[in-house]
There are 2 protein chains.
Amino acid sequence: MDRIPIVPDIVVGRLPLYLRALQRMAQEGQSITSSQELGERLGISAAQIRKDLSLFGEFGKQGTGYQIDYLVEKLRQILHVDKIWDMVVVGAGDVGRALSRYQGFTDRGFRVVMVFDKDPKIIGSQIGSFQIQSTDTMIQAIRENCILVAMLAVPADQAQEAADKLVEAGVKAILNYAPINLGVPEGVYVQNTDPVTYLLRMSYYLAS
Amino acid sequence: MDRIPIVPDIVVGRLPLYLRALQRMAQEGQSITSSQELGERLGISAAQIRKDLSLFGEFGKQGTGYQIDYLVEKLRQILHVDKIWDMVVVGAGDVGRALSRYQGFTDRGFRVVMVFDKDPKIIGSQIGSFQIQSTDTMIQAIRENCILVAMLAVPADQAQEAADKLVEAGVKAILNYAPINLGVPEGVYVQNTDPVTYLLRMSYYLAS
DNA sequence: TAGATTGTTAATCGATTAACAATC
DNA sequence: TAGATTGTTAATCGATTAACAATC
């Protein structure tokens, strides 16, 4: 069904940006766009967008541009979000709570199905519609439900231990909010999203 | 005082990773490291680390490696976090609350000093030690305190409006949690940190 | 048809790596 | 001294851009 292009990771990183901008355009009632218009929104050159997309197929029409609905559908297929991914949240502190209650997942291909914490004092209590479960039973629960995606929101000094459990449970993708580099085996994908890292990147440019 | 190297943005993006790993090593009691060891932790080649650092000076010793404390100090200078940056949080929902109460800022060069929301029902109530202020008075409050850094955690459809206010108030760096591309003038830096974008990047690799 | 925009090629540009003299 | 590791150069590799034929 799919081609087997060798897709540079840097291209994969841009596809979600294209998808998000296109979905926004659709929401604004637009039905067609061009590589130039999309590029202007994103600060990316039109040539690059066309080249990126051409790795996966021919989605546009000369002289016209891209049908937004169609391109969104294709990008969702390419990124494997033509289904809903079940996720777990590990860590029921403020960040875990925010993730558990975040409304922005479901219409973009993801949903939280379980929340775990190791603190006996909060296990059993509710976060939104979830009852916080113990990390002691986490491996089994994740395995039984074949969950592949986790968001990790525990303190830095507990993150590696939690990640090890997730890996053991079969999780293949970890969105890591702890400010630490996790060691994981081949085939497990980690995306770090520590706010301070981004702030530092900006403060470099905030010279005096 | 500083050199004037032309530093590629991709290098700037790696410096915070170096800093974070070095600070962790220091915390673990280590006092010296090498480009090789650091590279192994981060999944980055030793040559690249040496090359990146060499843009800013000569921080190591042949045969020995890098004094961690010294390199941390230098990186903090380079990234302009040899001081504490005051920040505001805009949006007092779950994400804004998590950011306002996050303990991980202060020892890494940042601190939240004010929290704003536009909802009259929550203005005046407390989040941690902050009293939520009205966005109506935000521009003035930011200006008076010469704040340059903001974290934006409002719904997507209010994000551009809030960003416009931040820019008007003189903010130069915005960490944007809303899943939307903000339009900002030259000289204002935006870092997007929408969780779904990262999840999509990973789900590409989660083929079946 | 005339105008617009794609998909793709070739040229350019920039980033990464390999290698090694210098030196601690 | 012998071993190790830096800083830096040159070579390689990969990504971006410019340009244009194809075509809607």
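Lettering follows sequence order; numbering is per chain, from 1. These values consider heavy atoms only, across backbone and side chains, with no hydrogens, waters or symmetry-generated copies.
Mapping A/D9 and A/Q62 onto DNA chain D by nearest heavy atom places A/D9 closer to the 5' end of the strand. When each of A/A47 and A/T64 is assigned the nucleotide of DNA chain C with its nearest heavy atom, A/T64 is the one assigned upstream, toward the 5' end. Comparing A/D52 and B/F59 by the nucleotide of DNA chain D whose heavy atom lies nearest to each, the residue mapping closer to the 5' end is B/F59.
Rounded to a whole Å, the NZ atom of A/K74 is 13 Å from the P atom of C/dG7. The separation between B/R14 atom CZ and C/dG14 atom C1' is 12 Å, rounded to whole Å. When the P atom of C/dT5 is taken as reference, atom CD of A/Q36 falls 7 Å away, rounded to whole Å. The distance between atom CD of A/Q67 and atom C1' of D/dC24, rounded to the nearest whole Å, is 13 Å. Residue B/I6 contributes atom CD1, which lies 14 Å from atom C1' of C/dC13 at whole-angstrom precision. One atom, CD of A/Q48, and another, C1' of C/dG7, lie 15 Å apart when rounded to the nearest Å. Look at CD on B/E58: it is 14 Å from P on C/dA22, rounded to the nearest Å. Rounded to an integer number of Å, the gap from CD1 of B/I10 to P of D/dT16 is 9 Å.
Phosphate contact (OP1/OP2 of C/dC24, side-chain N/O of B/Y66, threshold under 4.0 Å): absent. OP1 and OP2 of C/dT16 both lie 4.0 Å or more from every side-chain N or O belonging to B/R50. The phosphate of C/dT16 has neither OP1 nor OP2 within less than 4.0 Å of any side-chain N or O from B/S45.
Electrostatic pairing of B/D194 and A/R20 counts as a salt bridge here, judged by a charged N lying under 4.0 Å from a carboxylate O. Remark: B/R201 engages A/D9 in a salt bridge, criterion side-chain N to carboxylate O under 4.0 Å. The pair A/E186-A/K172 does not meet the salt-bridge criterion, since no charged nitrogen lies less than 4.0 angstrom from a carboxylate oxygen. In summary, B/R97 and A/D94 do not engage in a salt bridge, as defined by a charged side-chain N under 4.0 Å from a carboxylate O.
Pairing partner, D/dG14: C/dC13, with both Watson-Crick or wobble hydrogen-bond distances short of 3.5 Å. Nucleotide C/dA22 has D/dT5 as its partner under the Watson-Crick or G-U criteria, with both atom distances under 3.5 Å.
Taking every side-chain heavy atom of A/K51 into account, D/dT17 is the closest of D/dT8, D/dT17, C/dT16.
Two rings, from B/Y189 and A/Y205, have their centers less than 6.0 Å apart.
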